[in-house]
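So the structure is just underneath, and the comments pick up after that.
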Amino acid sequence: MVRLITHNLLACHVKGCTTNNFPLVFQDVQVELQEAEFNPDFIRNMLSRLEWTALVNAAKQVGDTSLPLEQPDMMDDELLQKLHHALMEIHVIEGAMVCQNCKHVYPISNGIPNMLLAEHEIG
Amino acid sequence: MSRPEYQAPPEIYYGDAEAKKYTQNTRNQQIQADMTYRAIELLNLPPDEPAFLLDIGCGSGLSGEILDEEGHIWAGVDIAPSMLEVALERDLDGDLFLQDIGQGFGFRPGSFDGAISISVLQWLLNAETSHPTSSPPHRLTRFFTTLHSALRNPSRAVLQFYPTSDDQIQLITSIAQKAGFGGGVVVDYPNSKKARKVFLCLFVGGGGTQQQ
Ligand SMILES: [Zn+2]
C-alpha cells in the first residue's frame, strides 16, 4: 500500500535524474480507504518534512480535494483531521507513479509499488 | 546446510514456500522479535512519541508487526515479492515497496526518524552478476549513501546482520563511515556462538536524543 505520507517523501532514483524528479505523478489509480488512529502530534511532527503543494496535488490525483491550496499558518483540529485522512487513510492499491523528468514508470500492483531499476538506470 | 545468502539471491531464495515457512516458523519469529525489540531499543527514540521509521528488508512483516504494536508509523522495502505478499496478507499498517536496497533509495533528505534492518545486510555482501555496478562495495556504497540522506539529523539506523568474518564487518563499517555515518558495531552475547548477535548502530549527526 502507498499512502500519501510515503509518496510525499519519495523521489525518482533513476541514475542522473536529479531535477524535477519529485513528486512522482499518480496514474490510473485505484484507492482503498482504511481507518487509522488519529494522532495529531504525529501529523504535526511530520509537517515540517512534507511538501505542501505536492501533497495537495497528489491528494487530488487520488480523489481528495479537502486540503487548502496554500499551507495555513495555523493548524486547527479540523485541518489536522483532514491531513490525517489524506496522509494516513487513503491507500493506493493499483496504478503507477511516474517521474515527470525521466518518465520512469513505477507500477503499483496489489498495493506494492515496484521500485526496481534496470541495470542502465542504476546510479 | 550452507547459509541462505550463498545459495541464491534473496528474491529467488525466498519463493512462496520459503516465505511462508520462514514466517510460520515459531523459532524464527521469536529470534526476529527479540532482535527487533533490541534494534528499537538501540534506536534511542524519544519516549512515547510515534516515529516515522524505515524497515529495510521488511520481509513478511515480522518486525513491522512489532513497530505497529509500539505505535510507530513505518514503510518497508524488500526484494522478495513472495515475502511482501505474505506481509500483505498479515494486514499490517506499513507501506510496502518492492526494492533492491543495493540500487539505493529515492527518499527525500530527512524523511525518516530512524531505520531498522534485521538479518539483511549479509545479502549485500554477495555479488549477483558480473556487472561492475553490482559488486558488493558498489551496492553497499549506494545503500549507505542514500540511507544516510533519507534519515533526519540527528537520528540512527540499527542494522542487525550475520557477518562471516571480521573483514566483512570492517568493509561494511568503512563504507558506512564514508557515506557520512558515525557509530559502530554492538555485539550482544559475544562469547556465545549460537546467541551472538551483531548490530551495526549508525548515527546521523549526534545520533539521537540522549547522545552528544
Ligand atoms: Zn526520474
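Predicted, not measured: the structure shown is a model, and the values here were computed from it. Only this structure's heavy atoms are used, side chains among them; waters, hydrogens and symmetry mates stay out.
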[X] versus [Y], closest heavy-atom pair with distance:
| X | Y | result |
| --- | --- | --- |
| A/Ser48 | B/Arg152 | OG-NH2, 3.6 Å |
| B/Pro50 | A/Asn39 | CG-ND2, 3.1 Å |
| B/Gln103 | A/Leu117 | OE1-N, 2.8 Å |

Go through the atoms of [X] and report whether side chain, backbone, both or neither lie under 4.5 Å from a heavy atom of chain B.
| X | value |
| --- | --- |
| A/Glu51 | both |
| A/Asn8 | both |
| A/Asp41 | neither |
| A/Leu50 | backbone |

Does the side chain of [X] reach to within under 4.5 Å of the side chain of [Y], using non-hydrogen atoms?
| X | Y | result |
| --- | --- | --- |
| B/Phe97 | A/Ile112 | no |
| A/His13 | B/Phe107 | no |
| B/Asp113 | A/Arg49 | yes |
| B/Ser134 | A/Glu119 | yes |
| A/Ile5 | B/Phe52 | yes |
| A/Met46 | B/Ile73 | no |

Around atom [atom1] of [X], are there more than 12 heavy atoms from other residues, nucleotides or ligands closer than 6.0 Å?
| X | atom1 | result |
| --- | --- | --- |
| A/Gln100 | CD | yes |
| A/Lys15 | NZ | no |
| A/Asp76 | CG | yes |
| A/Glu37 | CD | no |

Side chain from CB out, backbone as N, CA, C, O: work out which of these in B/Leu88 comes under 4.5 Å of a heavy atom of chain A, or both, or neither.
side chain
Identify which part of B/Ala51 has an atom lying under 4.5 Å from any heavy atom of chain A, answering side chain, backbone, both or neither.
backbone
Against chain A, work out which of B/Gly104, B/Gly102, B/Gly106 has the most heavy-atom pairs shorter than 4.5 Å and name it.
B/Gly106
Please check: side-chain N/O of [X] versus main-chain N/O of [Y], any donor-acceptor pairing under 3.5 Å?
| X | Y | result |
| --- | --- | --- |
| B/Arg142 | A/Gly123 | yes |
| B/Gln99 | A/Met115 | no |
| B/Asp95 | A/Arg3 | yes |

